[in-house]
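Structure, as C-alpha cells:
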Amino acid sequence: MPWPIMPRGWARQRISAVSCSARALKTELEADFGDKITVEIEPTKEVNGFFEVTADGVLLHSKKGGAGHVDNEAKYKAISEGLEAILDA
C-alpha cells in the first residue's frame, strides 16, 4: 500500500514510497505546505523500487514510470506545483 498526502479536510490521497527518500520528501513537503497537507509514509510490501506520489487520485511522480527518485529541484517542483494545483481547485 502507498502512503498518502492529505490536504486537511479532504478525502485521503494516496502516495506510495518504499525508500528513505520518502522521509526526506515528507519533511520538505511539510515544511513548504505547513498545515495545508498531511503526509504519511506507508511502504509497499510486495514491490521493491516502487515510488509514486499521488494526491487526490492524481499521479504527480512515478519512479516506476521512468521519473526515478525525487533527487533534484525539477522533480520536487513538479510535485509541489501539482499539489498547489490540487489545493487551489
Side-chain angles (χ1 to χ4, degrees):
M1 272 306 200
W3 52 283
I5 287 181
M6 298 175 290
R8 300 227 189 257
W10 288 31
R12 289 187 83 145
Q13 301 353 292
R14 302 299 296 177
I15 295 178
S16 66
V18 293
S19 72
C20 61
S21 64
R23 286 182 178 81
L25 180 60
K26 175 186 187 303
T27 299
E28 194 162 349
L29 288 171
E30 289 176 337
D32 287 349
F33 287 91
D35 64 355
K36 294 179 185 175
I37 63 170
T38 299
V39 180
E40 296 176 2
I41 299 173
E42 185 178 326
T44 55
K45 295 177 183 173
E46 296 86 23
V47 182
N48 272 333
F50 189 67
F51 186 99
E52 290 189 338
V53 178
T54 62
D56 199 22
V58 177
L59 182 65
L60 301 176
H61 180 88
S62 175
K63 178 183 173 214
K64 187 176 182 178
H69 289 286
V70 181
D71 56 4
N72 64 48
E73 187 61 32
K75 292 176 185 179
Y76 180 80
K77 184 177 178 184
I79 293 168
S80 180
E81 288 175 352
L83 282 172
E84 287 175 9
I86 290 167
L87 290 169
D88 290 342

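Keep in mind the model is a prediction, meaning the values are calculated, not measured.
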[atom1]-[atom2] distance between [X] and [Y], expressed to the nearest 0.5 angstrom:
X     : Y     : atom1 : atom2 : answer
Lys36 : Asp88 : NZ    : CG    : 7.5 Å
Thr38 : Leu29 : OG1   : CG    : 11.5 Å
Leu25 : Glu30 : CG    : CD    : 9.5 Å

*Who passes side-chain hydrogen bond (donor to acceptor under 3.5 Å, both in side chains) against Thr27, sequence neighbours left out?*
none

*Would you mind reporting whether Leu87 and Phe33 have side-chain heavy atoms less than 4.5 Å apart?*
yes

*Are Val53 and Leu59 connected in the hydrophobic side-chain network, where two residues link if heavy atoms are under 4.5 Å apart?*
no

*Please list, chain by chain and in numerical order, all residues satisfying side chain to side chain contact (heavy atoms under 4.5 Å, CB included) with Lys75, sequence neighbours excluded.*
His61, Val70, Asp71, Asn72

*asked:* Minimum heavy-atom separation for Ala55 and Leu83, please, with both atom names.
replied: CB-CD2, 3.5 Å

*Carefully, step by step, assess Asp32 and Tyr76 under the rule side chain to side chain contact (heavy atoms under 4.5 Å, CB included).*
CA-CA 11 Å; Asp32 287 349; Tyr76 180 80; 2.6 Å; yes

